[in-house]
Amino acid sequence: MIDHESTLRANLDAVRARIAAACRAAARNPSEVRLLPVSKTVDQARLRAAYALGLRELGENKVQEAQAKSEAMADLADLRWVLIGHLQTNKAKNAARFASEFQALDSLRAAEALDRHLQKEGRAMDVLVQVNTSGEDTKFGLPPDEVAAFVKKLPAFPSLRVRGLMTLALFSDDAARVRHCFVTLRTLRDRLRQDAPDGIAMDELSMGMSGDFELAIAEGATTVRVGTAIFGHRATPDSDYWPGFAGKPE
Ligand SMILES: *Cc1c(COP(=O)(O)O)cnc(C)c1O
């Protein structure tokens, strides 16, 4: 436990220093950037160590894994679970039970299923719409030009508190191409803000991961989702979490 804590503390300090430096470079206030730790594949002992260090929310890619962890750690009542991966409709019922936030909404079917189950549970959920800014077939999310029409339909789902947009950038060594994805998301958010329907907020930009969050912060990220840089390399290949994924550049 002590070992877990000292490694984690050092990693967290390093990530926070990187965020602070990126904010300085972009003339932004670090309080505008939420660090969402991504805990997929990370076991309970290390997650409890993270909690002991003050982390109060965890991002998970898969409903089943997240739910098992949330049940095992139900004693940590103020720990918030954030789903950041594609939601199959048949998992909406379980998601509605424990998740506080869902960052990968990209279909009306999922919206309808989540809203229905949330109403039964008497709960609400913060939601981000996932946008495919890289144009890759392997990435989930709506094409940018379909997002405006999609967002207009979301007021029909009163248990979904729509907060903004999320994206996964291209995995590439080419910073200009990665940055282009972040610019696309910010530009879209700014445009949607102008005529967002009542009750729909378009403030959040969840973008940037361990390898690219400085670029995302430069382009306006309000949430960065960071796994590897906090918890270390994952034993399970990312293709288990991102269907069709062939590998990140080293
Ligand atoms: C795993 C994951 C992350 C974190 O990736 P790292 O490169 O480990 O920081 C961010 N977003 C999503 C959607 C993920 O599945």
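Counting begins at 1 with the first residue of the sequence. One-based numbering, in listed order, for ligands and for the atoms of each.
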Side-chain donor-acceptor contact under 3.5 Å, [X] with [Y]:
| X | Y | value |
| --- | --- | --- |
| Thr167 | Thr133 | yes |
| Thr222 | Glu32 | no |
| Asn132 | Glu136 | no |
| Ser172 | Asp174 | no |

Can you tell me the protein heavy atom closest to [atom] and the distance?
| atom | answer |
| --- | --- |
| atom 9 (O) of ligand 1 | Ser210 OG, 2.5 Å |
| atom 7 (O) of ligand 1 | Lys248 NZ, 2.7 Å |
| atom 2 (C) of ligand 1 | Lys40 NZ, 2.6 Å |

Record the part of [X] in heavy-atom contact with ligand 1 below 4.0 Å; permitted values are side chain, backbone, both and neither.
| X | answer |
| --- | --- |
| Asp238 | neither |
| Asn61 | side chain |
| Tyr241 | neither |

>> Between ligand 1 and Met209, is the shortest N or O to N or O distance under 3.5 Å?
In response: no
> So, Glu57 and Arg34, do they make that salt bridge, N to O below 4.0 Å?
Replying inline: yes
Atoms of ligand 1, numbered as shown, that sit under 4.0 Å from any heavy atom of [X]:
| X | result |
| --- | --- |
| Leu168 | 13 (C) |
| Ile84 | 11 (N), 12 (C), 13 (C), 14 (C) |
| Thr228 | 6 (P), 7 (O), 8 (O), 9 (O) |
| Val226 | 9 (O) |

> Which one of Gln67, Lys69, Lys62 satisfies the side-chain hydrogen bond (donor to acceptor under 3.5 Å, both in side chains) criterion with Glu65?
Replying inline: Lys69
> Between Arg225 and Ser206, is there a donor-acceptor pair closer than 3.5 Å when you use the side chain of the first and the backbone of the second?
Replying inline: yes
> Is it true that a side-chain atom of Arg28 and a backbone atom of Ala218 form a donor plus acceptor pair closer than 3.5 Å?
Replying inline: no
> If hydrogens are left out, which of Arg225, Gln103, His233 has an atom nearest to atom 11 (N) of ligand 1, that is, the closest non-hydrogen atom?
Replying inline: Arg225
> Is there a heavy atom of Phe213 sitting under 4.0 angstrom from any atom of ligand 1?
Replying inline: no
>> Whether Lys139 engages the ring of Phe171 as a cation-pi pair (distance to the six-membered ring centre under 6.0 angstrom, angle to the ring normal within 45°) should be assessed.
In response: yes
